[in-house]
Structures are given as C-alpha cells and as structure tokens.
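One structure is given below, encoded as structure tokens.
Nothing fancy with the numbering, it's 1 onward along the sequence.
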Amino acid sequence: MVEVCHSWFNRFRKLLVRYEKLERSFVTLNHFAAAIIAFRKVPLKVNIIYG
C-alpha cells in the first residue's frame, strides 16, 4: 500500500524533485496533491450532458 501511495505522489512532478525554498510551500503542495488524489478516488454520480 505504501508503494501505491508513493506512485500517486510521484505523478506530481513538482513534488518529485523539491524545488521550493520554504518548507511551508512544500508542505502545502503535499496537502494539495493529497486533496487532488482523494478527489479523484470519489465516484461522481452526476450526469453531465455536453452539447
């Protein structure tokens, strides 16, 4: 399970190599990536009509 979580976070290239100078910026990006990952796992029951 840990390897799966690491692979999810590795898809965010900005987190893969740490470029931020401030620690709080890096932590914020980690939280943002975790929120995106969690949001993608939630199944949506909304019918969207394009057109």
Treating Ile, Leu, Val, Met, Phe, Trp and Tyr as nodes and any side-chain heavy-atom pair under 4.5 angstrom as an edge, say whether I37 and V4 lie in one connected cluster. yes
List the residues meeting side chain to side chain contact (heavy atoms under 4.5 Å, CB included) with E3, not counting sequence neighbours, and say none if there are none. none
Suppose we screen for side chain to side chain contact (heavy atoms under 4.5 Å, CB included). Which residues come up paired with A34, at least two apart in sequence or across chains? F9
Should I36 and F26 be counted in the same cluster of Ile, Leu, Val, Met, Phe, Trp and Tyr side chains packed under 4.5 Å apart? yes
Under the salt bridge (charged side-chain N to carboxylate O under 4.0 Å, His left out) definition, can you give me all pairs with a residue in residues 5-15, not counting sequence neighbours? K14-E20
Hey, could you give me each pair passing side-chain hydrogen bond (donor to acceptor under 3.5 Å, both in side chains) that has a residue in residues 23-41? Not counting sequence neighbours. none
When clusters are formed by joining ILVMFWY residues with side-chain heavy atoms under 4.5 Å apart, either directly or through shared neighbours, do L29 and V27 land in the same one? no
